[in-house]
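Below: one structure, written as structure tokens.
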Amino acid sequence: MSDFPRPVIRPRRLRSTPAMRRLTAETRIHSAQLILPLFVREDTSEPLPIQSMPGVVQHSIDSLKQAVTDAASAGLGGVMLFGVPAARDAIGSGATDREGILNRATRVAAAEAGDALVVQSDLCLDEFTDHGHCGVLDAAGRVDNDATLERYRDMALAQAEAGSALLGLSGMMDGQVAAVRDALDGAGYHGTAILAYAAKYASAFYGPFREAVDSQLTGDRRTYQQDPANRREGLREATLDLAEGADILMVKPAMSFLDVLSDVAELSDVPVWAYQVSGEYAMIEAAAAHGWIDRSRAVHESVTGILRAGADAVLTYWAMELARNVG
Ligand code: PBG
């Protein structure tokens, strides 16, 4: 052996055995911090597979019941419901119809879940409009911010009435948190909480979701969702949503925006969540199907990274699988 100073400080000591690594892990995934997104389709009696999201289905009302029961027994923190209606129109009437698919699904899920987990609903018009935008359009075909807020207020009341405990405001309209809070409080729903998709970016990673909800969108959402280039603006959106009364903030997508997530987690005095979106799921599933990456390790690493960056909870299509593996 040649003569040179040997390291005194050896970080490898804490990596030496599985038991040591387990003991010194800084981040752990726990089932209580996982939320499973669920798609519920109006005109089906059987669950239907989604091509671009292998392993994920559009549920029927019946299979939704089972999914909620399973999620509760797996110890998940919650489920987030998305509706896939049979008919759509310009203002997204199905979203405020008390018998609309999302409101029906919410009633069923809330009854099934009891106190075992938190039933949450997506509050956005895109699944319900025939043009596929997250709001209503003005005469020039642009998304009309304030007219959309009126629709969101009605939608919030329908969802609160159906038993949703946490409304996921994903539309990225200015002032949506304050508008919905005011509508809820005005109707006595002081206890219904708001999850604000504070920093939501116009992302290519929503691709498979469009199939999942049969989206009618042509074009994109760049006039309301954020430009992926902007970090400071993510903080601005988060600050506004906090001031408007958001109970929880969300950053979405997760993997390409971990810096924004970390910034928001630093600033926020309410919980901060992240949404690991459909394209993040599809990407890992597709690479694993080719044998190009170790699927289970990649799934685990991707969610660990999101938690490490500062998320208190994660919406992920792997919630059930992860809960089974991590407890
Ligand atoms: C809008 C909404 C979208 C997603 C969740 N809510 C699509 C979009 O904004 O274009 C995407 C979720 C995913 O990709 O998994 N209501």
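Counting starts at 1 for both ligands and their atoms, in listed order. Numbers here are sequence positions counted from 1.
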Residue [X] vicinity, atoms of ligand 1 by number, heavy atom under 4.0 Å:
X      : answer
Ser170 : 1 (C), 6 (N), 16 (N)
Arg210 : 8 (C), 10 (O)
Gln225 : 8 (C), 9 (O), 10 (O)
Glu127 : 16 (N)
Lys252 : 2 (C), 3 (C), 4 (C), 5 (C), 6 (N), 11 (C), 12 (C)
Lys200 : 1 (C), 2 (C), 3 (C), 6 (N), 8 (C), 9 (O)
Tyr275 : 12 (C), 15 (O)

Problem set entry | Residue pair Ser302 / Gln276, side-chain donor-acceptor N/O under 3.5 Å |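 There is such a pair between these side chains.
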Exercise. With a 3.5 Å cut-off and no angle check, do the side chains of Gln159 and Ser164 form a donor-acceptor pair?
Worked result: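 No donor-acceptor contact under 3.5 Å links the two side chains.
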Problem set entry | Any residue meeting side-chain hydrogen bond (donor to acceptor under 3.5 Å, both in side chains) with Thr129, in chain and number order, not counting sequence neighbours |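 Thr129 satisfies side-chain hydrogen bond (donor to acceptor under 3.5 Å, both in side chains) with no other residue.
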Problem set entry | Partner of Ser52 under side-chain hydrogen bond (donor to acceptor under 3.5 Å, both in side chains), chosen from Glu211, Glu285, Arg210 |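 One option only clears the test, and that one is Glu211.
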For this session: Run through Val136, Asp138, Leu125, Thr148 and flag the one making a side-chain contact (heavy atoms from CB on, under 4.5 Å) with Val143.
Result: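 Passing option: Thr148.
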Problem set entry | Nitrogen or oxygen of Ser278 less than 3.5 angstrom from that of ligand 1 |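 Between Ser278 and ligand 1, an N or O pair is found under 3.5 Å apart.
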For this session: Looking only at distances, please establish whether an N/O atom of ligand 1 is found under 3.5 Å from an N/O atom of Asp126.
Result: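 Yes; at least one N/O pair falls below 3.5 Å.
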Would [X] count as a contact of ligand 1 if the rule is a heavy atom under 4.0 Å away?
X      : result
Glu280 : no
Met172 : no
Gln276 : no

Problem set entry | The one among Phe39, Tyr197, Tyr317, Tyr201 that brings a heavy atom closest to atom 15 (O) of ligand 1 |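 Comparing heavy atoms across Phe39, Tyr197, Tyr317, Tyr201, the nearest one to atom 15 (O) of ligand 1 lies in Tyr317.
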Problem set entry | Of the listed options Phe209, Phe82, Phe205, closest to atom 12 (C) of ligand 1 (non-hydrogen atoms) |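 Comparing heavy atoms across Phe209, Phe82, Phe205, the nearest one to atom 12 (C) of ligand 1 lies in Phe209.
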Problem set entry | Side-chain touch Phe39/Val56, heavy atoms, less than 4.5 angstrom |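 Heavy-atom side-chain distance check passes, below 4.5 Å.
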Exercise. Any donor-acceptor pair under 3.5 Å linking the side chain of Glu280 with the backbone of Val277?
Worked result: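 Pair found, side chain donor or acceptor close to backbone of Val277.
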Problem set entry | ligand 1-proximal atoms of Tyr281, by part, heavy-atom distance under 4.0 Å |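 It is neither part, as no heavy atom is under 4.0 Å.
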Problem set entry | Residue portion contacting ligand 1 (non-hydrogen atoms closer than 4.0 Å) for Asp122 |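 Within the 4.0 Å criterion, Asp122 contacts ligand 1 through side-chain atoms alone.
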Exercise. So, Glu127 and Arg41, do they make that salt bridge, N to O below 4.0 Å?
Worked result: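 Not counted as a salt bridge, because no side-chain N and carboxylate O are separated by less than 4.0 Å.
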Exercise. Starting from atom 8 (C) of ligand 1, which protein heavy atom do you reach first, and at what distance in Å?
Worked result: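 I find the closest protein heavy atom is Arg221 NE, 3.4 Å.
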For this session: Mind telling me whether Tyr317 and Tyr281 have parallel, tilted or perpendicular rings, with 30° and 60° as the class edges?
Result: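 Correct class here is perpendicular.
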Exercise. How far apart are the C-alpha atoms of Ser121 and Phe82, what are their side-chain angles, what is the distance that settles it, and do they pass the side-chain contact (heavy atoms from CB on, under 4.5 Å) test?
Worked result: CA-CA 7 Å; Ser121 49; Phe82 293 91; over 6 Å; no
Exercise. Cationic tip of Lys200 within the cone over Tyr275's six-membered ring, i.e. under 6.0 Å and within 45° of the normal?
Worked result: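 No, Lys200 does not sit over the ring of Tyr275.
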